[in-house]
Amino acid sequence: MKILIAAFCLAFAIPAAATTLAIRAGAVIDPEHGSVARNQVVLVEDGRIKAMGADVAIPANAKVIDLSHEWLMPGLMDAHTHLTLTEVMGGDAPFESFYIKESTAYRALRGLHNAGTVLAAGFTTIRDVGNEGAYAIEDVKRAIDAGMFTGPTIVASGKIIAPFGGQSHSIPPEQGRFWDYEYIDADGPAEIRKAVRQNLYYGARSIKLVLDNNPYHYSLEELRAAVEEAHAAGVPVSVHVYGGAAADNAIEAGVDSIEHGFFLTDAQLQRLKDKNIFLTSTDYPRSHLDVIGTSGGIFPPPEVLAPAIIDRLRRAHKIGVRLVFGSDTVHEVAGRTRADLMFDYLQVWREAGIPAADTLRAFTIEPARLLRVDGERGRIAVGLAADLVAMPADPLTDTENLRRIDFVMKDGRVIRGPARQ
Ligand SMILES: [Zn+2]
């Protein structure tokens with residue numbers, strides 16, 4: 001018995017020797033500067049980048065991962081996802097039909113599935129911006145963080161905060177406020193402060209409000225309350241808004257990002273730039289809009305929206321607005337994964353004439369800053385988490401090569417590619 005106890009103590013007293021992984025990379029891309037360093041060695045230990053450079057010595061006990069014919073870059077980020085939501089397409093399905101028959105548990109299971117899919121494709125960090133039943137994504141995140149499942153780092157937003165009615169329209173009063181399964185009705189600064197606190201309480205690390213989904217929208221005073229309350233807790237505020245006076249209020253209130261912003265004017269985009277507000281541009285390709293249609297009356301028709309999106313992205317880039325990739329992918333297509341659909345957005349960025357280096361920045365370091373995880377992720381730098389992807393062709397030559405990602409490392413663990421753990 002004594003021997004057993006001694007062995008038991010010993011097992012806990014001596015920490016296991018850290019395994020060092022040494023990646024030999026043919027090229028390492030720095031999206032921040034659009035530069036490439038050739039023939040690099042990246043050492044990874046305890047989930048973090050320990051050293052990198054052309055002259056870094058590989059320790060004798062290191063496990064070598066040969067990516068000498070690959071382009072290595074920081075893991076991708078998508079700042080606007082709804083991992084637990086799938087819209088039901090076809091006919092005139094109202095928006096409510098997407099969630100009314102699904103429990104929070106089922107939503108979480110879908111979220112877990114999508115989380116695994118997008119991580120394998122190279123998205124190592126995502127922000128989920130609501131539509132998750134009663135906080136499903138917070139449990140998805142908890143299960144991933146506990147090591148039960150693999151998935152990206154998740155920045156959750158809690159329930160979407162909106163003026164009375166959520167994103168529903170003209171529901172008869174006899175039906176009650178069933179939308180509070182998905183949304184928090186909050187009208188006036190006091191209710192908004194409480195809604196922000198509720199989301200923070202249940203695990204949100206970002207706050208999302210819907211602004212222009214009804215004839216009425218949030219006042220400057222209401223938005224300032226949201227910003228003040230969220231910023232006091234150290235979390236960013238993002239607002240769903242297409243344009244107009246609602247967008248003016250959001251910009252004036254100092255939100256952290258505009259989500260969508262399809263109809264922002266040049267003057268509004270200039271104010272975004274001046275106030276250092278990000279644009280999460282959710283640039284739906286026409287092929288997607290033709291499938292999702294008006295999304296139950298939420299979007300203008302595809303023939304109006306598709307060209308407006310390309311034009312707005314081009315103008316925003318020209319003006320110098322800080323761009324962040326967000327896909328907003330919520331539909332399904334047989335034979336294609338959600339990640340396949342997320343990469344379709346790259347086509348719009350090319351059509352808008354965005355240089356590849358700027359696109360890669362919007363997929364990595366800029367969302368890291370918006371999500372306030374840039375002290376941990378978003379770059380390949382010593383001390384940061386080892387969230388890495390690699391592919392056999394240069395994405396700076398053609399961003400379409402991101403679809404060819406065949407190596408994914410998350411927090412130092414190989415999820416896909418050679419030496420998968
Ligand atoms: Zn969305």
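Counting starts at 1 for both ligands and their atoms, following the listed order.
Below 30°, between 30° and 60°, or above 60°: for F363 and W349 the angle between ring planes is above 60°, a perpendicular geometry.
Side-chain N or O atoms of E222 include none that pairs as donor or acceptor with a backbone N or O of P189 at under 3.5 Å. Side chain of K208 to backbone of H240: no donor-acceptor contact under 3.5 angstrom is found.
Between the Zn ion (ligand 1) and the N, O or S atoms of D328, the shortest distance is to OD1.
Just one of S157, S238, S206 meets the side-chain contact (heavy atoms from CB on, under 4.5 Å) condition when paired with V129; it is S157.
Among the atoms of H260, none of the N, O or S atoms falls under 2.8 Å from the Zn ion (ligand 1). For a distance bound of 2.8 Å, the N, O or S atoms of H80 include one lying that close to the Zn ion (ligand 1).
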